[in-house]
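Note that the structure is predicted; figures quoted are calculated from it, not measured.
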Amino acid sequence: MYFYGPEKFDLAAIRSMLEKTNGLSLVGEISLHQEFLDTFDWRLFNAQGYLIREQHGQENRFLWRHLMDDSLQGSVTLHRASPVFAADFPASPIQKRLEKITSMRRLLSVLRLKTHRLEFHALDREQKKTATLCLDRNDISCPKGNAGTETEWSLQLLPVRGYEKECTKIARKLEQMGFRRRKTPYIHETLERFGVTPGVYSSKLNIKLAGEAAAAKTTTKILKTLFATMQENEAGTIADLDSEFLHDYRVAVRRTRSALSQIKEVYGEAETNKWKDAFAWLGQITGPTRDLDVYLLKFEDYRALLPEEYRNSLGDLKKFLTRKQVTEQKKLARALGTVKYKDLLGGYQAFLDSDDKGKGKNAGQPISELASQRIWKTFRRIVQEGKAITDESPAEDLHELRKTGKKLRYLMEFFQSLYPAAEIKKLISGLKLLQENLGDFQDYEVQAQSIAGFSEEMQENNLGDAQTFMAMGILASHLLEGQATARRDFSARFKAFDSPEAELAFKQLFGPENRKSRKKSSPKSSKGKSPS
């Protein structure tokens with residue numbers, strides 16, 4: 001637990017008081033650097049924790065503490081360079097827990113403290129330590145926040161597990177001395193002083209919309225939200241801090257293209273087509289790097305598909321993929337530094353801020369009506385396409401169905417706040433299950449083809465041996481088997497999605513009869529009033 005110091009902070013007087021407090025013993029005075037670490041999307045904070053790196057000399061001590069009471073959840077001390085991914089930590093309970101929460105995300109510095117510390121131990125009658133008391137003078141900076149450095153005194157009381165009651169007694173003594181316990185978590189409060197609110201970033205769409213608002217105005221709100229997500233992830237994408245920056249950037253690009261295409265005729269045709277083409281280019285230049293990121297993320301899964309005797313034969317493939325990813329990443333970083341890209345961003349921002357975007361015939365329609373129309377029509381299309389697929393249908397038919405499913409999901413996610421949360425989330429979940437099957441079907445096919453292409457490229461560059469290419473051939477074969485399994489599972493997945501219950505639920509939320517009843521019951525449709 002953290003405490004504020006007394007309003008009139010006299011170090012000599014406070015040190016004397018603490019030293020005279022029964023059971024407290026000064027054990028050391030040191031200078032160190034502290035870093036509060038989290039992922040870009042605040043995974044540790046959202047899991048009610050925080051990670052501190054304490055650097056003293058060559059020693060890096062990592063402490064994982066609970067967000068609310070600062071209790072120790074795990075620790076590890078390293079005598080080498082600081083790890084940046086959970087996988088970089090030595091095998092340990094803290095490494096496993098970190099990996100489960102942070103996954104492939106990089107640990108980034110969110111607060112940096114240059115600290116001078118007086119450390120006290122609280123001892124019981126048997127001279128056993130019951131708590132650690134750290135009186136710190138901190139010079140604090142925040143990489144994400146406002147420029148400048150703040151200086152403060154803080155006092156941290158950290159109980160030894162099993163001695164929480166004794167720690168509570170010490171806390172009372174500190175309060176009697178004039179210290180006040182912080183009611184808000186230290187990291188939360190300190191970040192907000194720098195203008196940073198932890199935990200707020202999310203790549204998920206949850207935009208609050210008003211059903212009666214004009215479709216063009218609402219579409220602009222959606223597009224601005226997506227553009228903000230792109231901008232937040234741009235620097236991390238260029239620097240290749242971790243693969244999720246590019247992933248979230250590309251998802252925002254795809255959603256933008258889908259919004260421009262699927263929320264029909266709210267802007268002028270020329271403006272709409274211009275930005276659809278611009279975002280198609282962004283999709284093209286970011287694709288190769290993302291594909292290679294995926295291959296590297298899946299690499300251990302690929303290895304596990306092989307017979308035991310071939311699992312160590314993919315080393316040259318990993319080297320090849322890593323080099324290729326570095327090359328494509330450099331190309332991507334250059335493309336995102338070009339005048340063409342900067343002009344695209346500036347022009348698009350001006351388009352979003354402009355009141356003159358051209359008017360399509362649906363510009364003034366209430367968004368609740370247009371959303372239901374588009375979702376219902378796209379749902380009927382996916383049902384029609386899915387029912388037409390047989391065991392003899394070509395793979396392209398399933399690929400087209402996957403694209404339609406993605407359009408439907410994006411529409412439902414854009415407008416989910418207009419509908420009862422539990423009902424639309426249930427329908428989205430059912431659609432996701434179908435999408436997973438269709439995604440697996442396409443991914444296995446593309447990956448098998450890519451492995452064959454990589455094999456040719458590696459041989460041309462004299463990288464790999466006979467064992468390597470044998471292992472890659474076996475891998476490609478297993479991937480094609482996975483595609484065949486996904487194809488066999490399709491029928492059952494589609495039937496679950498296209499059940500009578502699901503169709504009724506879609507009809508009740510989005511169908512024409514539902515839209516008519518909502519329009520009749522709308523307060524704005526009575527007394528001759530028209531939507532504003």
Side-chain angles (χ1 to χ4, degrees), residues 250-251 254-255 257-264 276 280 283 287 290-291 294-295 298 301 305 371-416 419 423-453 475-512 514:
R250 277 178 55 77
V251 169
R254 286 202 306 269
R255 284 172 169 163
R257 289 182 64 200
S258 186
L260 289 166
S261 299
Q262 299 305 310
I263 309 176
K264 300 282 189 181
K276 280 165 60 176
R290 178 56 190 170
D291 291 343
V294 170
Y295 293 132
K298 287 179 173 286
D301 294 334
L305 289 173
S372 291
Q373 287 172 13
R374 295 299 306 140
I375 292 172
W376 178 249
K377 185 172 182 178
T378 310
F379 168 71
R380 296 305 304 156
R381 179 180 167 188
I382 197 174
V383 168
Q384 183 180 16
E385 289 179 359
K387 285 181 174 177
I389 292 174
T390 67
D391 292 343
E392 288 72 39
S393 297
E396 287 73 17
D397 288 359
L398 281 85
H399 299 334
E400 287 301 315
L401 182 64
R402 181 188 63 83
K403 293 177 185 177
T404 305
K406 189 169 287 188
K407 292 172 184 176
L408 176 59
R409 180 173 164 186
Y410 284 161
L411 283 169
M412 293 172 74
E413 288 175 341
F414 291 152
F415 302 120
Q416 59 187 303
Y419 304 96
E423 294 176 35
I424 194 165
K425 284 180 179 178
K426 185 177 180 181
L427 293 178
I428 291 173
S429 295
L431 176 58
K432 281 181 182 179
L433 292 175
L434 176 61
Q435 281 187 290
E436 285 173 7
N437 171 262
L438 294 168
D440 286 346
F441 178 77
Q442 174 153 346
D443 289 347
Y444 281 128
E445 179 182 40
V446 171
Q447 289 165 27
Q449 292 171 352
S450 295
I451 293 295
L475 174 58
S477 177
H478 279 293
L479 291 171
L480 291 174
E481 288 174 9
Q483 185 192 23
T485 300
R487 178 65 182 255
R488 288 194 295 272
D489 292 343
F490 165 74
S491 180
R493 286 286 184 98
F494 182 75
K495 284 180 181 177
F497 171 77
D498 185 35
S499 67
E501 294 79 12
E503 182 168 0
L504 178 61
F506 269 95
K507 192 171 186 178
Q508 289 176 336
L509 278 188
F510 315 113
N514 178 268

key: Pair Q483-R487, side-chain contact (heavy atoms from CB on, under 4.5 Å): steps then yes or no   = CA-CA 6 Å; Q483 185 192 23; R487 178 65 182 255; 5.7 Å; no

Shortest non-hydrogen contact from [X] to [Y]?
| X | Y | answer |
| --- | --- | --- |
| Q262 | R374 | O-NE, 2.7 Å |
| K276 | S261 | CE-OG, 3.4 Å |
| F506 | W376 | C-CZ3, 3.8 Å |
| I451 | A476 | CG2-CB, 4.2 Å |
| S393 | D397 | CB-OD2, 3.7 Å |
| R254 | Y410 | NE-OH, 3.3 Å |

Roughly how far apart are [X] [atom1] and [Y] [atom2], rounded to 0.5 Å?
| X | Y | atom1 | atom2 | answer |
| --- | --- | --- | --- | --- |
| E400 | L398 | CD | CG | 10.5 Å |
| E385 | K387 | CD | NZ | 13.0 Å |
| F490 | I389 | CZ | CD1 | 4.0 Å |
| L408 | F510 | CG | CZ | 8.0 Å |
| Q442 | L401 | CD | CG | 11.5 Å |
| L504 | Q508 | CG | CD | 4.0 Å |

Check this for me: [X], atom [atom1], are more than 12 non-hydrogen atoms of other residues, nucleotides or ligands nearer than 6.0 Å?
| X | atom1 | value |
| --- | --- | --- |
| D391 | CG | no |
| R257 | CZ | no |
| E481 | CD | yes |

inquiry  = For a side-chain contact (heavy atoms from CB on, under 4.5 Å) check, start with the C-alpha distance between I263 and F414, then their side-chain angles and the critical distance, and finish with the verdict.
reply    = CA-CA 10 Å; I263 309 176; F414 291 152; 4.3 Å; yes

ask   = Side chains of L509 and E423: closer than 4.5 Å at any heavy-atom pair?
value =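 Result yes, sub-4.5 Å side-chain heavy-atom pair found.
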
task = Go through R381 and T378 one step at a time and tell me if the side-chain hydrogen bond (donor to acceptor under 3.5 Å, both in side chains) criterion holds.
result = CA-CA 5 Å; R381 179 180 167 188; T378 310; over 6 Å; no

query = Okay, side chain of Q416, backbone of E413: is any donor-acceptor separation there less than 3.5 Å?
reply =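 Yes; judged by distance alone, with no hydrogens or angles, the pair exists.
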
Side-chain polar contacts of residues 426-436 - donor-acceptor pairs under 3.5 angstrom, sequence neighbours left out - could you list them?
residue : atom : partner : partner atom : Å
S429    : OG   : K425    : O            : 2.9
Q435    : OE1  : R409    : NH1          : 3.2

message = Run the side-chain contact (heavy atoms from CB on, under 4.5 Å) test on F379 and L411 for me, step by step, so that the C-alpha distance in whole Å, both residues' side-chain angles and the decisive distance to 0.1 Å come before the verdict.
response = CA-CA 10 Å; F379 168 71; L411 283 169; over 6 Å; no

task = Name all residues meeting the ring-ring contact (aromatic ring centres under 6.0 Å, His included) criterion together with F441; count only those two or more places apart in sequence or in a different chain, and write none if there are none.
result =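 ring-ring contact (aromatic ring centres under 6.0 Å, His included) check on F441 returns H399.
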
ask   = Quick one: do the S258 and R255 side chains pair a donor with an acceptor below 3.5 Å?
value =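 On atom types as modelled, these side chains do not qualify, holding no pair under 3.5 Å.
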
inquiry  = Is there a side-chain contact (heavy atoms from CB on, under 4.5 Å) between K407 and I382? Walk through the geometry before answering.
reply    = CA-CA 10 Å; K407 292 172 184 176; I382 197 174; over 6 Å; no

task = With sequence neighbours left out, write down each residue that passes side chain to side chain contact (heavy atoms under 4.5 Å, CB included) with A448, or none if nothing qualifies.
result =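 If we apply the side chain to side chain contact (heavy atoms under 4.5 Å, CB included) test to A448, skipping adjacent residues, the hits are L479, L480.
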
